[in-house]
Structure formats: structure tokens, C-alpha cells
Amino acid sequence: MNLQVDYLIIGQGLCGTWLSWYLTKENRSFIVIDKNEPTTPSKVSAGIINPVTGRRMVKVWMAEQILSFAREAYNEIGNFLDITAISQKNMIDFFPNALQRLVFLERMEEGEEYLNSFPEQNQFNTFFNYDLGCGEIRHSYIAHLDVLLPAWRQQLKDNKQLFEEEFEFEKLVIREQSIQYGDITAEKIIFCDGLSSFSNPFFKQLPFAPNKGEALIVEIPDVPDQHIYKKGFLLAPLQARNTFWFGSNYQWSFPHPERTPEFYEQAHRHLKAWLKVPFSILEHKASIRPATLERRPFVGLHPHQKTLGILNGMGTKGCSLAPFFASQLVDHLLRKKEIMPEADIKRFQKILAR
Ligand SMILES: Cc1cc2nc3c(=O)[nH]c(=O)nc-3n(C[C@H](O)[C@H](O)[C@H](O)COP(=O)(O)OP(=O)(O)OC[C@H]3O[C@@H](n4cnc5c(N)ncnc54)[C@H](O)[C@@H]3O)c2cc1C
């Protein structure tokens, strides 16, 4: 039986979820193929959306635009699915050293609107060791991916829009105006397949830069869950009661993608020194962020094969960038609107001709 749809989407991580959401809103037909791997970056992610980044506390790329877009998008999909998909949880930044304290105070004096002095300096004394005080990063959020991704997957399954299987390139036939994959005929195929795109025959030339990260899931019965906490590492509350995500590291070069005892020991030591209350480690996870050399996403249609598209390269910021660029991609597909040039894969026209 031949199945005719507008789009075939490969992958249901953050990118595939948001692309299929915006196509649903536009009443377009699609099928998502996802092999349901147990460990993917979207499943390992903390879900944090943070307006400032790095040791120098600089504003993230397009902070205002992307943050307000993400907040509305998660609220909208959450209302549709009847779940809480996002919560605002300002970040308490416990200064790990005198230099970081200085940087925070200087950035505040320069008028950085997201940084705030925290008047109740002793509020967290019962739970944490922190000798150098703390500041507050406002307008931070947690996207509840542990709830959102399975809820959207179930929605797709109920609508018979999800095929839980491995996508195989050998079965793909590309035509001038359409693609064929087994029984599925689609106008276009859009790859939201994360790390698999690194070896995708049509897109592997793109300058991906894989970045490995590890995290622990920790049970801490006493720490309040109204904030995200930071002291070098991040401690972020999950939806399950008394449960927190703790991490991460950023490795540009690594011998294998698996969990390492080195990270486990380092994270355990860090938690022991930071927390004044008992904790237990429930899980240890590792995954690879689909990052890019120039730290900008890969969005759009293949410059030389208009039936192929990609939404990828979200790096360390998938939670905020994926909804924004999924929406841009849909506007491009349906209304031919321009994709932001920094993200449009048109910029790799020459490389992709090889
Ligand atoms: C430790 C860690 C912490 C992070 N924390 C944050 C954070 O706090 N905030 C933030 O914004 N970002 C964070 N990130 C980054 C974020 O997780 C990624 O940017 C994002 O998840 C990438 O989503 P994606 O949909 O592109 O890829 P993926 O999540 O990899 O999704 C791709 C999907 O495609 C499927 N797939 C691939 N190949 C095939 C195939 N051949 N057939 C069928 N299915 C296939 C995979 O199974 C997967 O489900 C973190 C990442 C890591 C590793």
C-alpha cells in the first residue's frame, strides 16, 4: 500500500519534535521515522534555557528573540498535550572563585539585564557550601523534555504518524519532485537525525563538531526545586520529586562515546563538597551534542537537491534553538520565507556540491 505524505522526517529528538509540531499546526501530512534509541542528546539533556553563557557571562546568540519564542512555543505545545512543558526557574550562581564573582559583578554593573544581585545571601546555607556568595540569573527556564518528548511521541503514534524503525539510506530513492522510501512517497525528506547526519551521504560534508557530555541523575530529598543551581557544574530539578540533573562536561575530543569513571568520580567529589545534605546517585548518562564548528545550526533545503532538507547542529542550545529554527524551516517550506543566513545551509553551497 503506497502512503503519500508531504514530508518524511527522520528523527524525533528536539528537532524532529518541533518540526513535526509546526507541520501539524499547518495541517501538513508527514511521517516521522525514529528508531527510539535509549540514549540520545535530547534524552540526556538537562533542558536548560539560559540567557547568558560561558565564564564571561555573555548574552547567548539572539537572547531576547529566541528566549521569548521558546517560552511561548513550549507553553503552546504543553497546553496542546496537557502537560507542563516548561517552567521558569531562575538560576542561582554560587561563585566558584573570586574571579567569577568579579566577572558577575562587573557584568551587572555594565547593565546586563539578566544578572541580579541576590539579597538573601544566606537563603541556601542549609543546603550548600558557598563561601563567596551568589548571584541570580533571571529568565532561565527548564524545558521538561523527559515529559514532552514521550508525550509528543505518543501523540504521533496515536495518529499513525510515527514509524519506530531504523531509517536505511539504501531504501531511499530521490526523484526530481519527490522521494520514495519503501511504501512512502513524500514531497521532501527532512533529516532531524542528530549524530547520524555526521555520516549522512548528503550532508556529511557540513562542518559538524561533535561535543561529548556526561551527567548524573541524583536524588536529593531536601533541596528546594524552585531554582536551577550552579557552581561550576549545574544542578537542575527534574519533574520527578526530589530528583535533579547534575552536569556536565564539554569534550571536543574523546576516545569513545560511553560514560567514564573519571567523570563519575569528579562529579561525585564535586557534589560531596558542594552539598550539605545527603544525596544518592541514581543514573550516569553520556551523549554527544550535534555541535558545529561555527556554533550555528544547519537549517534548510539542500542547495543542489531540493527534495532533501535538514534541521540539525543545535549544539549546546537545542532546547531554545530547535523550536525557533523549526518554525523558520516550516515558513521556508510553505511560504518560501528566507531562513536566517547564519543558519541557512545555503552558506555551504560549494561544500555540498562535492
Ligand atoms: C549532556 C548533555 C546536556 C545537554 N544539556 C542541554 C541543555 O541543558 N539545554 C540545551 O538547550 N541543550 C542541551 N544539550 C544539547 C541538546 O540535547 C541537543 O542540542 C539536542 O538534543 C539535539 O537534538 P536533535 O533532535 O538534533 O538530535 P537527537 O536528540 O540526536 O535526535 C535525533 C533522533 O534521530 C534518531 N535517529 C538518528 N538516526 C536515525 C536512523 N537512521 N533511523 C531512525 N532514527 C534515527 C535518534 O534516535 C534520535 O531520536 C545537552 C546535550 C548533552 C549531551
Side-chain angles (χ1 to χ4, degrees), residues 8-20 31-51 53 60-61 66-67 70 74 86 89 91 140-146 148-150 152-153 162-172 181 189-201 203 208 210-217 228 230 233-236 238 245-251 254 257 259 263 267 284-292 295 297-299 310-326:
L8 177 61
I9 300 173
I10 310 304
Q12 192 243 327
L14 273 162
C15 287
T17 293
W18 284 108
L19 181 63
S20 53
I31 295 289
V32 179
I33 296 182
D34 185 281
K35 59 184 169 181
N36 205 14
E37 274 173 288
T39 306
T40 63
S42 298
K43 289 177 183 167
V44 171
S45 165
I48 294 170
I49 299 177
N50 183 5
T53 185
V60 298
W61 182 46
I66 288 208
L67 257 66
Y74 281 94
I86 192 164
K89 298 207 189 250
M91 192 178 284
S140 303
Y141 294 86
I142 296 197
H144 302 297
L145 305 183
D146 46 340
L148 171 62
L149 297 179
W152 183 246
R153 191 177 190 87
L162 184 101
F163 289 6
E164 202 160 291
E165 62 186 47
E166 169 118 30
F167 169 82
E168 293 163 39
F169 278 100
E170 304 76 60
K171 284 165 55 184
L172 178 66
Y181 184 75
I189 179 168
I190 315 282
F191 291 97
C192 301
D193 54 351
L195 302 177
S196 295
S197 275
F198 296 20
S199 51
N200 178 319
F203 291 110
F208 282 104
N211 182 285
K212 183 179 170 184
E214 295 183 56
L216 300 180
I217 307 299
I228 303 165
K230 179 176 169 218
F233 281 112
L234 288 165
L235 186 68
L238 296 173
W245 181 101
F246 182 70
S248 175
N249 53 354
Y250 299 85
Q251 287 187 288
F254 44 88
R259 302 172 294 180
F263 174 82
H284 176 192
K285 301 178 175 192
S287 189
I288 295 173
R289 303 173 182 92
T292 69
R295 295 171 197 237
F298 298 147
V299 186
I310 188 167
L311 182 64
N312 206 325
M314 301 295 153
T316 57
K317 307 265 182 302
C319 296
S320 51
L321 296 182
F324 187 85
F325 284 106

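The figures here come from the full heavy-atom set of this structure, side chains too, leaving out hydrogens, waters and symmetry mates. Every number for a ligand or one of its atoms is a count from 1 in the order of the listing. Bear in mind the structure is a predicted one, so any value in this text is a computation, not a measurement.
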Side-chain donor/acceptor of Ser197 to backbone N/O of Asp193, under 3.5 Å: no
Working for side chain to side chain contact (heavy atoms under 4.5 Å, CB included), residues Ile217 and Phe246: CA-CA 6 Å; Ile217 307 299; Phe246 182 70; over 6 Å; no
Taking atom 42 (N) of ligand 1 as the reference point, the nearest protein heavy atom with its distance: Phe167 N, 2.8 Å
Lys/Arg N to Asp/Glu carboxylate O, Lys43 vs Asp146, below 4.0 Å: no
Atom 19 (O) of ligand 1 - nearest protein heavy atom and its distance: Gly315 O, 2.7 Å
Side-chain (Asn211) to main-chain (Tyr250) donor-acceptor, under 3.5 angstrom: no
Close approach, Lys212 and ligand 1, non-hydrogen under 4.0 angstrom: no
Those atoms of ligand 1 less than 4.0 Å from some heavy atom in Val44: 1 (C)
Verdict with supporting geometry, Phe163 and Tyr181, ring-ring contact (aromatic ring centres under 6.0 Å, His included): CA-CA 12 Å; Phe163 289 6; Tyr181 184 75; 9.0 Å; no
For atom 8 (O) of ligand 1, closest protein heavy-atom neighbour: Ile48 N, 2.9 Å
Heavy-atom closest pair, residues Ala236 and Ile48: CB-CD1, 3.9 Å
Distance-only side-chain donor-acceptor flag, Ser248 / Arg289, under 3.5 Å: yes
Proximal ligand 1 atoms for Ser196, defined as those under 4.0 Å from one of its heavy atoms: 37 (C), 38 (N), 39 (C)
Closest protein heavy atom (residue, atom, distance) for atom 17 (O) of ligand 1: Pro41 O, 3.1 Å
Interfacing atoms of ligand 1 (cut-off 4.0 Å, heavy-atom, Trp245): 3 (C)
Carboxylate-amine/guanidinium contact Glu166 Lys35, below 4.0 Å: yes
For atom 48 (C) of ligand 1, the protein heavy atom that lies nearest, with its residue and separation: Asp34 OD2, 3.5 Å
Polar contact flag, side-chain donor to acceptor under 3.5 angstrom, Trp152-Ser20: yes
Subset of ligand 1 atoms that lie under 4.0 Å from at least one heavy atom of Gly194: 27 (O), 30 (O), 32 (C)
Option whose closest heavy atom lies nearest to atom 39 (C) of ligand 1, chosen from Lys35, Gln12, Lys317: Lys35
Residue and atom name of the nearest protein heavy atom (relative to atom 34 (O) of ligand 1), distance in Å to one decimal: Gly11 CA, 3.2 Å
Beyond-backbone contact of Phe208 with Leu195, side-chain heavy atoms, under 4.5 angstrom: no
Closest candidate by heavy atom, reference atom 23 (O) of ligand 1, pool Ala326, Gly13, Ser42, Ala236: Ser42
Ligand 1 contact on Pro290 by region, counting heavy-atom pairs under 4.0 Å: side chain
Test item, Ala215 contacting ligand 1 (heavy atom, 4.0 angstrom): no
Ile288-ligand 1 polar pair, N/O distance under 3.5 Å: no
For atom 6 (C) of ligand 1, closest protein heavy-atom neighbour: Ser45 OG, 3.2 Å
Ligand 1 N/O within reach of Ser287 N/O, cut-off under 3.5 Å: no
Residue-ligand contact Gly247/ligand 1, heavy atom below 4.0 Å: no
Residue Gly47 vicinity, atoms of ligand 1 by number, heavy atom under 4.0 Å: 7 (C), 8 (O)
Name of the residue among Ile142, Leu321, Ile86 meeting side-chain contact (heavy atoms from CB on, under 4.5 Å) with Ile49: Ile86
Expected output: side-chain Gln251 to main-chain Ile288 donor-acceptor under 3.5 Å: no
Closest approach of any protein heavy atom to atom 47 (O) of ligand 1, naming residue and atom: Glu37 OE1, 2.6 Å
N/O separation below 3.5 Å, Cys319 to ligand 1: yes
Min N/O separation Glu214 to ligand 1 under 3.5 Å: no
Test item: Tyr141 side-chain N/O and Ala70 main-chain N/O as donor-acceptor pair under 3.5 Å: no
Shortest non-hydrogen contact from Val44 toward Ala286: CG2-O, 4.1 Å
